[in-house]
Visitor: 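Let me give you the structure first, and then I'll get to my questions.
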Amino acid sequence: MLLALVLFSLVVITPTYSQFNGCTILGEGCKDDAECAIICQEEGQVLKSYSCISDPTGRDRGTVCCCKFK
């Protein structure tokens, strides 16, 4: 029972972003790269590049922002 509770809490606490090929994946449903510039800058890190791409993580989120930080 305790193990099930721990596993459930890990699933619930997972971050809203993920890493993929050097990208930090943020947001969902972006329309263009300019929108991702805003979303990526909200992270407060020094931004190297950004782009709006199809979700590469296997989650069905449509398009997401690929943010690369320095």
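Since we're looking at a predicted model, the values are computed, not measured.
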Visitor: With rounding to the nearest 0.5 angstrom, report the NZ to SG distance, Lys31 to Cys52.
Guide: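 Reported to 0.5 Å precision, the distance equals 9.5 Å.
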
Visitor: Which atom names give the shortest non-hydrogen contact between Cys40 and Phe69, and what distance separates them?
Guide: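 That would be O-CE2, 3.6 Å.
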
Visitor: Indicate the atoms forming the closest heavy-atom contact of Cys67 with Leu26, along with that distance.
Guide: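 Closest heavy-atom pair between Cys67 and Leu26: SG-CD1, 3.6 Å.
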
Visitor: Using side-chain heavy atoms (C-beta onward) and a distance below 4.5 Å, is Pro56 in contact with Asn21?
Guide: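 Pro56 vs Asn21: side chains apart.
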
Visitor: Counting only heavy atoms from other residues, nucleotides and ligands, does the tally under 6.0 Å from CG of Asp60 exceed 12?
Guide: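 Counting neighbours around CG of Asp60, 12 or fewer heavy atoms of other residues, nucleotides or ligands fall under 6.0 Å, so no.
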
Visitor: Taking atom SG of Cys66 and atom CD1 of Ile53, what is their separation to the nearest 0.5 Å?
Guide: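 Result: 4.5 Å between the selected atoms.
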
Visitor: I'd like to know if the side chain of Asp55 reaches the main chain of Val64, judged simply by a donor and an acceptor atom lying under 3.5 Å from each other, with no hydrogens or angles considered.
Guide: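 Such a contact is absent between Asp55 side chain and Val64 backbone.
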
Visitor: Only one of Gln19, Gln45, Lys68 forms a side chain to side chain donor-acceptor pair (under 3.5 Å) with Thr24, so which one is it?
Guide: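 With Thr24 as partner, Gln19, Gln45, Lys68 yield a single side chain to side chain donor-acceptor pair (under 3.5 Å), made by Gln19.
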
Visitor: Side chains of Glu28 and Thr63: any donor to acceptor distance under 3.5 Å?
Guide: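 No, no side-chain donor-acceptor pair sits under 3.5 Å.
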
Visitor: Atom SG in Cys30, atom CZ in Arg61: separation rounded to 0.5 Å?
Guide: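 The SG atom of Cys30 sits 10.5 Å away from the CZ atom of Arg61.
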
Visitor: Closest approach of Ser18 and Thr57, non-hydrogen atoms and distance?
Guide: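 Minimum heavy-atom contact is OG-CG2, 3.4 Å.
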
Visitor: So, taking the atom named SG in Cys65 and the one named CD in Glu43, what distance separates them when rounded to the nearest 0.5 Å?
Guide: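 Going from the SG atom of Cys65 to the CD atom of Glu43 covers 10.5 Å.
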
